[in-house]
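Reading through the structure tokens given below for one structure.
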Amino acid sequence: MGQRLVLKFGGTSVGSAEAMCQAAEIVRSVQADGHEVAVVTSAMSGVTDLLLGSAHAAVKGARLTVVEHTAAIRTRHEAAADKLGLRGDDRHLVLDPITARLSELSLLCDALGVLGEASPRALDAVGALGERMSVHLLAAALRSRGVTAHAVDAARVVRTDDTFQAAVPLMEDTRRLAAVELLPLLAAHEVPVITGFIGATADGVVTTLGRGGSDYSGAIVGAAIDADEVWIYTDVDGVMTADPRVVRGVQTLESLSYLEMSELAYFGAKVLHPKTIRPALERGIPIRIKNTFNPTHPGTLVVGRSDDGGGGLKGVTAIRAQSLVTIAGRGMLGVPGIAARAFGAVARTGTSVSMISQASSEQSICFLVAEKSAVTVIEALRTEFHHELERRDIEDISSLDPVVIVTVVGGAIKRTPGVAGRVFGALGTDGINVIAIAMGSSECSISLVVASPDADRSVQRLHDLIVAG
Ligand code: ADP
Ligand code: ASP
Ligand code: MG
């Protein structure tokens with residue numbers, strides 16, 4: 001029986017006319033198998049960077065950079081339109097909106113140049129333009145294969161709050177909008193091609209879900225239309241035991257649980273945006289990660305439960321350029337509220353904490369933040385605790401950087417005795433010093449902090465352990 005599917009294509013999967021043809025061929029054949037298909041697309045690879053680069057250049061008055069970036073973006077899209085062989089009406093249907101978006105880019109950059117600053121809202125208006133262009137090319141590539149496809153701007157479907165740059169989807173509104181904008185197309189056996197990464201507030205102001213957020217869009221749309229599955233098409237065969245760009249001998253994982261995928265993504269595996277899991281999990285929608293350029297490979301299935309292969313460990317990942325912040329002092333012992341005040345002070349700087357670890361003696365709290373935020377965070381903590389520092393209840397607030405969080409993930413960590421021992425043993429025999437540790441209450445991951453120069457070696461060692469099983 002036919003299923004209702006969301007197929008999401010990432011930046012490299014729509015990065016050129018050839019890639020778009022490949023993506024379009026996948027959609028055509030999935031639809032020909034009798035499935036209802038909604039497509040979500042990213043911007044062409046590199047375009048979002050060029051757009052945001054233009055915005056930042058405009059603020060600094062670097063007009064030449066804006067002109068160069070705009071020309072590069074125009075050339076990429078026009079070359080793709082040429083190679084797709086678009087003629088007549090379809091050429092206009094594609095190039096007219098792209099030209100309009102490029103004019104919008106110029107106007108926005110002029111405005112940013114005059115203002116001399118870019119608000120999160122303005123950055124979203126600029127950053128959203130990439131998907132608002134690529135969507136027309138992909139829809140045309142589908143039409144040229146005989147699939148009735150329509151470009152759909154997610155501003156009409158994905159309703160969000162106004163947290164610009166990290167907008168939160170309002171799912172009830174989005175379901176209602178999707179019922180109007182998408183379901184009739186699916187019922188008519190037509191394919192909506194929806195812009196990933198973006199949404200809009202109730203007032204129609206464009207927002208973005210955060211960098212890499214098109215995966216999240218795929219899951220949001222999937223949840224809104226009650227899809228049977230969401231397929232994320234990227235440029236690798238699926239989720240691997242480690243980042244293939246960093247580690248030798250990686251293997252593609254057949255399946256992962258939502259929790260395992262969520263930990264891997266949160267702790268740095270770029271293959272899926274970490275927020276993608278929640279809408280899928282809430283509605284029990286399986287996610288498949290597949291390769292646009294190797295479509296017959298089964299890819300990785302992410303579902304509620306998964307087997308516990310790999311000796312209890314599934315993958316290893318790293319978050320680089322981190323700073324380990326420590327608040328230490330004997331006067332903290334048994335004093336209630338220190339942690340709450342510390343994290344309150346950090347939160348007020350708008351910094352998110354990637355890992356926390358507290359020694360049981362309560363004489364120190366340490367946590368990790370991005371290295372670039374360390375100075376601001378330390379200042380905020382020194383202000384918050386200036387009395388305690390004067391009284392020497394807190395002796396020191398300091399940071400150690402750059403450090404790296406290395407995380408091993410596997411659902412069986414909690415069930416298999418000795419896993420943590422094997423992890424530390426593997427690093428110990430290699431003479432790698434572990435600076436801090438955290439094991440989430442989910443017990444599906446163990447995170448270790450190591451000095452930057454030890455990071456690649458740690459990841460490789462732990463990967464060897466996973467593959468050895
Ligand atoms: P897309 O543009 O399709 O969203 P991304 O570049 O965001 O693609 O994500 C895919 C990339 O993620 C891969 O090319 C790979 O280099 C990287 N990656 C990092 N960790 C992993 C992992 N554990 N498994 C697979 N890919 C990974
Ligand atoms: N185009 C957006 C970005 O580069 C979203 C995505 O590709 O997932 O961040
Ligand atoms: Mg991505």
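Note that ligands are numbered from 1 as they come in the structure, with each ligand's atoms numbered from 1 the same way. Scope of the values below: all heavy atoms of this structure, side chains included, with no hydrogens, waters or symmetry mates.
In terms of polar-atom proximity, defined here as any N/O pair under 3.5 Å, Ser13 makes no such contact with ligand 1. Residue Asp215 has no nitrogen or oxygen atom sitting less than 3.5 Å from a nitrogen or oxygen atom of ligand 1, judged on distance alone. Ligand 1 has no N or O atom lying under 3.5 Å from any N or O atom of Val236, backbone or side chain. Taking distance alone, with nitrogen or oxygen atoms compared against 3.5 Å, Gly11 approaches ligand 1 more closely than that limit. Between Asp235 and ligand 1, an N or O atom pair is found at a separation short of 3.5 Å.
If you look at Lys8 next to ligand 1, the close heavy atoms, those under 4.0 Å, all belong to the side chain. Both the backbone and the side chain of Lys270 come within 4.0 Å of ligand 1, judged by heavy-atom distances. Contacts with ligand 1 closer than 4.0 Å are made by side-chain heavy atoms of Pro244 only, the backbone lying farther away.
Other residues, nucleotides and ligands place more than 12 heavy atoms under 6.0 Å from the CZ atom of Arg145. Heavy atoms from other residues, nucleotides or ligands lying under 6.0 Å from CZ of Arg278 number 12 at most. Dense packing is recorded around CZ of Arg211, with more than 12 heavy atoms of other residues, nucleotides or ligands lying under 6.0 Å away.
For the side chain to side chain contact (heavy atoms under 4.5 Å, CB included) with Ser262, the lone residue among Val409, Ile277, Leu281 that qualifies is Ile277. Shown are Arg320, Arg245, Arg461; of these, the salt bridge (Lys or Arg N to Asp or Glu O under 4.0 Å) with Asp456 is made only by Arg320. Just one residue in the list Thr207, Thr208, Asp173 forms a side-chain hydrogen bond (donor to acceptor under 3.5 Å, both in side chains) with Thr160, and that residue is Thr207.
Taking a cutoff of 4.0 Å between a charged side-chain nitrogen and a carboxylate oxygen, Asp464 and Arg248 do not qualify as a salt bridge. Salt-bridge check for Asp228 with Arg283: failed, with every basic side-chain N at 4.0 Å or more from each acidic carboxylate O. Classification of Asp454 and Arg457 as a salt-bridged pair holds, one side-chain N sitting under 4.0 Å from a carboxylate O.
Numbered from 1 in the order shown, with element, the atoms of ligand 1 that lie under 4.0 Å from a heavy atom of Gly238 read 24 (N), 25 (C). Ligand-side atoms of ligand 1 in range of Val239: 24 (N), range being under 4.0 angstrom from any heavy atom.
Of the protein's non-hydrogen atoms, the one nearest atom 10 (C) of ligand 1 is Thr234 OG1, 3.4 Å. Atom 26 (N) of ligand 1 has as its closest protein heavy atom Val271 CB, 3.5 Å. From the protein, the heavy atom lying nearest to atom 23 (N) of ligand 1 is Met240 O, 3.0 Å. Protein heavy atom at the shortest distance from atom 15 (C) of ligand 1 is Asp243 OD1, 3.9 Å. For atom 16 (O) of ligand 1, the nearest protein heavy atom (residue, atom name, distance) is Arg245 NE, 2.8 Å.
Ser45 contributes no side-chain N or O that, together with a main-chain N or O of Gly15, makes up a donor-acceptor pair within less than 3.5 Å.
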Just list the N/O pairs, ligand 2 to protein, that are under 3.5 Å apart, with the distance for each.
{"from": "ligand 2", "atom 1": "1 (N)", "to": "Thr48", "atom 2": "OG1", "distance (Å)": "2.8"}
{"from": "ligand 2", "atom 1": "1 (N)", "to": "Glu131", "atom 2": "OE2", "distance (Å)": "2.7"}
{"from": "ligand 2", "atom 1": "4 (O)", "to": "Thr48", "atom 2": "OG1", "distance (Å)": "3.4"}
{"from": "ligand 2", "atom 1": "4 (O)", "to": "Arg211", "atom 2": "NH2", "distance (Å)": "3.0"}
{"from": "ligand 2", "atom 1": "7 (O)", "to": "Ser42", "atom 2": "OG", "distance (Å)": "3.1"}
{"from": "ligand 2", "atom 1": "8 (O)", "to": "Gly212", "atom 2": "O", "distance (Å)": "3.3"}
{"from": "ligand 2", "atom 1": "8 (O)", "to": "Gly213", "atom 2": "N", "distance (Å)": "3.4"}
{"from": "ligand 2", "atom 1": "8 (O)", "to": "Ser214", "atom 2": "N", "distance (Å)": "3.0"}
{"from": "ligand 2", "atom 1": "8 (O)", "to": "Ser214", "atom 2": "OG", "distance (Å)": "3.3"}
{"from": "ligand 2", "atom 1": "9 (O)", "to": "Arg211", "atom 2": "NE", "distance (Å)": "2.7"}
{"from": "ligand 2", "atom 1": "9 (O)", "to": "Arg211", "atom 2": "NH2", "distance (Å)": "3.4"}
{"from": "ligand 2", "atom 1": "9 (O)", "to": "Gly212", "atom 2": "N", "distance (Å)": "2.8"}

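The distance from atom CG of Leu112 to atom NZ of Lys60, rounded to the nearest 0.5 Å, is 12.5 Å.
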Side chain to side chain donor-acceptor pair (under 3.5 Å) between Asp203 and Thr201, worked out | CA-CA 5 Å; Asp203 300 332; Thr201 64; 4.7 Å; no
Does the side chain to side chain donor-acceptor pair (under 3.5 Å) test come out yes or no for Thr276 and Asp215, once each step is laid out?
-> CA-CA 6 Å; Thr276 313; Asp215 300 328; 4.6 Å; no
